Amino acid sequence: MAQIKNIGVFTSGGDAPGMNAAIRAVVRTALYYNLEVTGIRRGYEGMIKGEMIPMDRKSVSNIIQRGGTILKTARSDDFRTPEGRQKAYDQLKAHNVDALIGIGGDGTFTGARVFSEEFDIPILGLPGTIDNDLQGTDYTIGYDTAINTVIDAVDKIRDTAESHDRLFIVEVMGRDSGLIALRTGIAAGAEAILIPETKSNTTALFDRLERGRKDKSSKIVIVAEAEEAGGAFEIARQVKEKYPNYDTRISILGHIQRGGRPSCMDRVLASRVGVAAVEGLLAGKRGDLVGVINNEIAFTPFDHAIKHHVDINPNLLKIVEILSL
Ligand code: F6P
């Protein structure tokens, strides 16, 4: 295996708070081991177009606390084609990049897996997505910040809900996953959560509302954007139809969940996996997601990290039910 001299780092897919901390960790670790680092802008799209810049210690100064990604991000259709990937490879060679660390989610590693099969370039991935829907790590970079953003918002909604005796349907993100809804439902004291993993439906929600205490002045229902009952608007419509007496409102939190200063947990996670990825490349690792499982660094093949759905912990679901009495 050729010796690695220059690591390319990029962020791809939806941004997540803590991506900057991960970039910083990769750059500083590479420099620590006397390697060069190339920042690739706009993910695979920038790779294809040759948007590459050398990075030094200073280029990652004062970014650990910033949300978003200084390298910018994109979703690339061209990279899905063999021609696009060939162009990306040619650009990497032209910029003397001989290994890659990609920070992103499912789509990022699907691309990375294909790319590493087609070309002889070692790639490792860091889990950067607010959705927390990757195998191979207990938590993804950005998840902790996002769930804290959600509970901050729901606490505020609770103030107004309580003042007006209202029921709020709050929709949170998670493209295919209810993990944001599950934890924030517990932490915000939700009446019920609707998530895709449990094939939740409005009948179960009605049942919950029937069985719940009637003297509560505010009620919060958290809905994952991916759940199958039809999203916050459809659920609210059905609730209004069944319970015309409830004063029901909808709040869709949206992209606010992706922004903001990363939490301490996300910065530490990003720093740990960033260091481990550079050291992993030097030790000959390739084609793996670098995560943390049971507080230990873990390397998991891309194939496994992206294909296997993350199971919902039934104990957490039960907690929502018990505590919303
Ligand atoms: O994967 C992160 C995520 O924020 C999902 O939760 C959400 O479904 C999606 O990205 C939104 O993507 P976009 O920013 O392209 O609308």
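When a residue number appears, it is its place in the shown sequence, counting from 1. Ligands are counted one by one from 1 in listed order, and the atoms in each one are counted from 1 as well. Model, not experiment: these values are computed from the prediction.
Ranking the protein heavy atoms by distance from atom 16 (O) of ligand 1 puts His255 NE2, 3.3 Å first. At the top of the distance list for atom 9 (C) of ligand 1, counting protein heavy atoms only, stands Arg175 NH2, 3.3 Å. Among protein heavy atoms, the minimum distance from atom 6 (O) of ligand 1 is reached at Asp131 OD1, 2.7 Å.
With ligand atoms numbered from 1 in the order given, ligand 1 contributes 10 (O), 12 (O), 13 (P), 14 (O), 15 (O) to contacts under 4.0 Å with heavy atoms of Arg75. Each of the atoms 3 (C), 4 (O), 9 (C), 10 (O), 11 (C), 12 (O), 13 (P), 14 (O) of ligand 1 lies under 4.0 Å from some heavy atom of Arg258.
Contact between Gly105 and ligand 1 is absent, with no heavy atom of the residue lying under 4.0 Å from the ligand.
No more than 12 heavy-atom neighbours from other residues, nucleotides or ligands sit within 6.0 angstrom of CZ on Phe233.
The two residues Ala16 and Gly142 come nearest to each other via the heavy atoms CB-CA, 4.1 Å.
Remark: Asn295 CG to Asp138 CG distance equals 8.5 Å, nearest 0.5 Å. Here the CG atom belonging to Asn20 is positioned 6.0 Å from the CZ atom belonging to Arg66, to the nearest 0.5 angstrom. Note that CD of Glu191 is 9.0 Å distant from CD1 of Ile220, once rounded to the nearest 0.5 Å.
Only side-chain heavy atoms of Glu225 come within less than 4.0 Å of ligand 1; its backbone N, CA, C and O stay farther off.
For ligand 1, the polar-atom distance check finds no N/O of Gly14 at less than 3.5 Å from any of the ligand's N/O atoms.
The ring of Phe10 has its center closer than 6.0 angstrom to the ring center of Tyr44.
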